[in-house]
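Some notes on the structure that comes next.
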Amino acid sequence: MIRATPLEAARHEFAATASGPSARDPRVRAVLDSADAVSRIAEAMDQAWHELLAADWPQLRAICERDVVHRVGVIGEHGWVTTIESLHPSIAWHADGIEIGHFPQVGTVRLAGDGLLLIPSVFVANVAAHLEDPWPRTLIYRARGTTALWSEQETVPNRTR
């Protein structure tokens with residue numbers, strides 16, 4: 001999908017999201033401003049996937065899938081308010097929408113019947129959100145079991161000679 005992104009759409013995303021010191025680095029700007037920016041970024045992401053995640057993906061995906069099954073059970077047993085508020089202590093359900101304490105500048109997120117996409121992740125420490133059109137309102141939250149995953153330490157035998 002990334003490779004199919006039109007260059008102008010990618011440039012719009014770069015302008016909206018590329019900020020901070022790294023976005024001003026001449027090497028980064030050279031990639032973002034290049035005519036082949038989309039293919040270069042897609043290639044880098046593909047390489048990162050294979051080098052960093054592919055081998056662990058079955059375990060990471062299983063954690064997220066178990067979280068989804070758990071949340072469906074919470075919805076059935078306790079309802080939406082409990083489910084949403086159990087995602088993170090900073091999230092509160094109100095009659096007119098939800099509030100995300102990590103993003104006080106956002107205020108109350110009104111769903112207006114548009115729904116809310118919930119995405120478990122093994123990569124977020126707290127909660128992340130996407131609240132801008134045209135995308136669906138989305139909460140990305142830490143999946144249950146993530147703490148145990150990242151706190152596991154491989155024990156290497158101490159070999160003395």
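What's counted below: heavy atoms across the whole structure, side chains too, no hydrogens, waters or symmetry copies.
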Quick one: do Val69 and Val74 end up in the same hydrophobic cluster if we chain Ile, Leu, Val, Met, Phe, Trp and Tyr together by side-chain heavy atoms under 4.5 Å apart?
no
When clusters are formed by joining ILVMFWY residues with side-chain heavy atoms under 4.5 Å apart, either directly or through shared neighbours, do Leu52 and Trp49 land in the same one?
yes
Grouping I, L, V, M, F, W and Y whenever their side-chain heavy atoms are under 4.5 Å apart, do Val31 and Ile2 come out in a common cluster?
yes
Closest non-hydrogen contact found for Arg29 with Ala23 is CD-O, 2.9 Å
Can Trp80 be reached from Val72 by stepping across I, L, V, M, F, W or Y side chains whose heavy atoms are under 4.5 Å apart?
no
Side chain proximity check, His88 to Asn126, heavy atoms < 4.5 angstrom
yes
Closest approach of Met1 and Thr5, non-hydrogen atoms and distance?
O-OG1, 3.2 Å
Judged by atom type as modelled, is there a donor-acceptor pair below 3.5 Å linking the side chain of Glu85 to the main-chain atoms of Trp93?
yes
Would Ile119 and Tyr141 count as a side chain to side chain contact (heavy atoms under 4.5 Å, CB included) if you check the C-alpha gap in whole Å, the side-chain angles of each, and the deciding distance to 0.1 Å?
CA-CA 6 Å; Ile119 300 178; Tyr141 63 92; 5.6 Å; no
Start with the C-alpha distance between Val109 and Arg137, add both sets of side-chain angles, then the distance that settles side chain to side chain contact (heavy atoms under 4.5 Å, CB included), and finish with yes or no.
CA-CA 9 Å; Val109 177; Arg137 306 294 184 258; 4.3 Å; yes
Are the side chain of Ser86 and the backbone of Ile84 linked by a donor-acceptor contact shorter than 3.5 Å?
no
Should Val122 and Leu53 be counted in the same cluster of Ile, Leu, Val, Met, Phe, Trp and Tyr side chains packed under 4.5 Å apart?
yes
Are Asp67 and Arg71 ion-paired here, with the side-chain N under 4.0 Å from a carboxylate O?
yes
Between Cys64 and Arg61, is there a side-chain heavy-atom distance shorter than 4.5 Å?
no
If you compare all heavy atoms of Thr138 against all heavy atoms of Leu116, which two are closest, and at what distance to 0.1 Å?
N-CD1, 4.2 Å
Below 4.5 Å, heavy atoms only, C-beta onward: do Arg142 and Thr147 meet side chain to side chain?
yes
Is there a donor-acceptor pair under 3.5 Å between the side chain of Thr82 and the backbone N or O of Gly79?
no
Nearest heavy-atom neighbours spanning Leu7 and Ala35:
CD2-O, 3.8 Å
Work out which heavy atom in Ile98 is nearest to a heavy atom in Leu139; give both atom names and the distance.
CD1-CD1, 3.8 Å
Is it true that atom NE2 of His78 has more than 12 heavy atoms of other residues, nucleotides or ligands lying nearer than 6.0 Å?
yes
Please check if atom CZ in Arg11 has more than 12 non-hydrogen atoms from other residues, nucleotides or ligands closer than 6.0 Å.
yes
Atom CZ of Arg27 and atom CG of Leu32: how far apart are they, to the nearest 0.5 Å?
12.5 Å
Of Ile140, Ile63, Val127, the one forming a side-chain contact (heavy atoms from CB on, under 4.5 Å) with Ser121 is Ile140
Can you name the closest pair of heavy atoms from Ala42 and Arg3 and give their distance?
CB-CG, 3.5 Å
